[in-house]
Q: 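Just passing along the structure, written as structure tokens.
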Protein chains: 2
Amino acid sequence: MTDRMESGSLVDFVVDRIEKAILLGDYPAGMKLSEQSLATELGVSRSPLREAFRRLEGKKLVVRRHNAGARVAEHSAKELREVLEIREALESYAARKAAENMSEEEKAALLRLVEQQREYERLGTTVDRNQSPEQDFHLFVIRGSKNDRLSDMLYGDLYYALRVLRYRSSAHAGRSRLAIEEHAVVATAIATGQPEVAEQAMRVHLRRSHENMLNAERTRN
Amino acid sequence: MTDRMESGSLVDFVVDRIEKAILLGDYPAGMKLSEQSLATELGVSRSPLREAFRRLEGKKLVVRRHNAGARVAEHSAKELREVLEIREALESYAARKAAENMSEEEKAALLRLVEQQREYERLGTTVDRNQSPEQDFHLFVIRGSKNDRLSDMLYGDLYYALRVLRYRSSAHAGRSRLAIEEHAVVATAIATGQPEVAEQAMRVHLRRSHENMLNAERTRN
DNA sequence: CCGCCCCTTATTGCATACAAAAATAGAGTT
DNA sequence: AACTCTATTTTTGTATGCAATAAGGGGCGG
């Protein structure tokens, strides 16, 4: 179907492919992933496919049982809560570090970003969920921590975990404006070099956001 | 040599084996891991070995380059700093959660654990590094957070990262007694149900401990 | 009609085989 | 002696093959 990315290995191709399929919901939670059928479907042999499974296992996107094959991982409400707690801990810490480590240029850019968000909100501009200003803000703060491993964790594993848990970033009406003002508080604390305040503000923001997500999850089920 | 664990798969066996070898320093950082020679050495074929590499890659114990094989991961001082920061964020958060979620029995057990540590310290008992009371304390607090995913992260990935970075837990003379008193503060805060205090106390403890480790690393090089 | 056991089939786990890429070594030239 | 280009060899990446384990289905008995 799609050409397997030229430079990379087949394993990379397969991982990417299955990852997307799971996140998009094409492979629903609990679905059996047969090696043979998936291999023929993707046009590869079972060898790279099995190696891909191992990596996806590490990302907790698939679960394997000995002699019983691989399945798309299922996630309980408990797991969602746990992942959100971890995000709260890591990302509020990232805000602290951002306040310590961001350059003056970055601080200015962060303030501009928040201002831009306010603008969008005022104009009622709708942007697509995947590259929303909400995402931009959080990504920017995380990068500002200058901790690459932390960034990897937040935008690697946890990002996927939240996506697979059907995370919808601040999709709730009325939450948007409030969220932006919470961002403003965080940004100001970072820009004025107050790590402690920045951490607290981010934690408040995340806790509210996460509470919303958990409520949404509860009412949906 | 050693019999491959009966119940598990060969991949599990190989992962376990290589993991240990790396952590023990038998496979030094940067060492080339040839598939053929390792396979014959471990008495398996290349298939399970390659799958094992993928998992070890996820644990950041080995690095692979396309068409250039696998090597034991090398870790810079920067990475050590980053990992310790992450640990600070997660484990102080764990202390907060432990204060919220531990049962009365667990709280009592935690206080007893600290008391026991004090006893050992007073008697000058030397215990082996791998199952030290220091480890016990941290493990107990982490488990007390009642967040399995958090426990997995701290005692999965980060644990290995620190081990491979030649972490020696509070091996410094004089640090031991101080560390125990810091533990006592954390334990008291948890036992009396003060999440905020517990988090702060754990953060202080970890920051001091990590500073020691970073200094040790600096002077060693 | 339902449950259980055995047999067939399908699938997984591991080993081997083959092709392509990279490392290595050597001869020739400067 | 160093440098480079090439030929050989080694190593990685992928495909296929085989054995063992688990899933599925049909017949038998209750």
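Order of the sequence lines fixes the chain letters, A, B, ..., with proteins taken first and strands second; residue numbering starts at 1 for each chain.
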Q: Whole angstroms only, please: what is the CD-C1' distance between A:Q36 and D:dT16?
A: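 Distance, rounded to whole Å: 10 Å.
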
Q: Show me the pairs that pass salt bridge (charged side-chain N to carboxylate O under 4.0 Å, His left out) and involve residues 62-71 of chain B, at least two apart or across chains.
A: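 Sorted pair list comes back empty.
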
Q: Give every pair of a protein N or O atom and an N or O atom of nucleotides 19-23 of chain D that lie under 3.5 Å apart, one pair per line with the distance.
A:
none

Q: Of A:E91, A:H138, A:E88, which meets side-chain contact (heavy atoms from CB on, under 4.5 Å) against A:H205?
A: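 Among A:E91, A:H138, A:E88, the one that satisfies the side-chain contact (heavy atoms from CB on, under 4.5 Å) with A:H205 is A:H138.
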
Q: Can you sort out the partners of A:E105 under salt bridge (charged side-chain N to carboxylate O under 4.0 Å, His left out), two or more places apart, ordered by chain and number?
A: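 By the salt bridge (charged side-chain N to carboxylate O under 4.0 Å, His left out) rule, A:E105 matches no residue at all.
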
Q: Excluding sequence neighbours, so at least two apart, what forms side chain to side chain contact (heavy atoms under 4.5 Å, CB included) with A:K78?
A: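 For A:K78, the residues satisfying side chain to side chain contact (heavy atoms under 4.5 Å, CB included) (neighbours in sequence not counted) are A:S76, A:R81, A:E82, B:D148.
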
Q: Check each residue of residues 52-64 of chain A for a non-hydrogen atom within less than 4.0 Å of any atom in DNA chain D, then write out the ones that pass by number, or none.
A: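 Within this stretch, nothing sits under 4.0 Å of the strand.
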
Q: Decide yes or no for A:Y93 and A:R96: does some side-chain heavy atom of the first lie under 4.5 Å from some side-chain heavy atom of the second?
A: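 The answer is yes; the side chains approach within 4.5 Å.
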
Q: Phosphate oxygens OP1/OP2 of C:dT16: is one of them under 4.0 Å from a side-chain N or O of B:R46?
A: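 No, outside the criterion.
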
Q: Of the candidate nucleotides D:dT14, D:dT12, C:dC14, which contains the atom at the shortest distance from the side chain of B:S34?
A: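 So the nucleotide nearest the side chain must be D:dT12.
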
Q: Find the distance B:E35:CD to C:dA15:C1' and express it as a whole number of Å.
A: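 After rounding, the gap between these two atoms is 14 Å.
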
Q: Rounded to the nearest angstrom, tell me the gap between atom CG in B:L33 and atom P in D:dT10.
A: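 The distance from CG of B:L33 to P of D:dT10 comes to 20 Å, rounded to the nearest Å.
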
Q: Say you draw a straight line from CG of A:L84 to CG of A:L162; how long is it, rounded to the nearest 0.5 Å?
A: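 The CG atom of A:L162 is 5.5 Å from CG of A:L84, to the nearest 0.5 Å.
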
Q: Here's a test for you: under salt bridge (Lys or Arg N to Asp or Glu O under 4.0 Å), which of B:R54, B:R55, B:K59 qualifies with B:E57?
A: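 Exactly one option meets the salt bridge (Lys or Arg N to Asp or Glu O under 4.0 Å) with B:E57, and it is B:R54.
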
Q: Using only side-chain N and O atoms of A:K32, determine if any of them is under 4.0 Å from OP1 or OP2 of C:dA10.
A: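 False: A:K32 side-chain N/O out of range (4.0 Å or more) of C:dA10 OP1/OP2.
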
Q: Is the distance from OP1 or OP2 of D:dT12 to the nearest side-chain N or O of B:R50 less than 4.0 Å?
A: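 Checking B:R50 against D:dT12: no side-chain N or O falls below 4.0 Å of OP1 or OP2.
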
Q: More than 12 foreign heavy atoms under 6.0 Å from NZ of B:K20: is that the case here?
A: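 It does not: B:K20 NZ has 12 such atoms or fewer within range.
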
Q: Is the phosphate of D:dT14, meaning OP1 or OP2, less than 4.0 Å from a side-chain N or O of A:S47?
A: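 No, outside the criterion.
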
Q: Figure out the CD/P separation between A:E51 and D:dT14, and round it to whole Å.
A: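 Between P of D:dT14 and CD of A:E51: 8 Å.
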
Q: Of the nucleotides C:dA15, C:dT12, D:dG13, which has the atom closest to the B:P48 side chain?
A: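 The closest nucleotide is C:dA15.
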
Q: Rounded to whole angstroms, how far apart are CG on A:L10 and C1' on D:dT12?
A: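 To the nearest whole Å, that distance equals 13 Å.
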
Q: Write down the distance between CG (B:L49) and P (C:dG13), rounded to a whole number of angstrom.
A: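 So the CG-P distance, B:L49 to C:dG13, works out to 17 Å.
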
Q: Under the side chain to side chain contact (heavy atoms under 4.5 Å, CB included) test, which residues partner B:V72, sequence neighbours left out?
A: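 Result, side chain to side chain contact (heavy atoms under 4.5 Å, CB included) vs B:V72: B:I22, B:Y27, B:M31, B:L33.
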
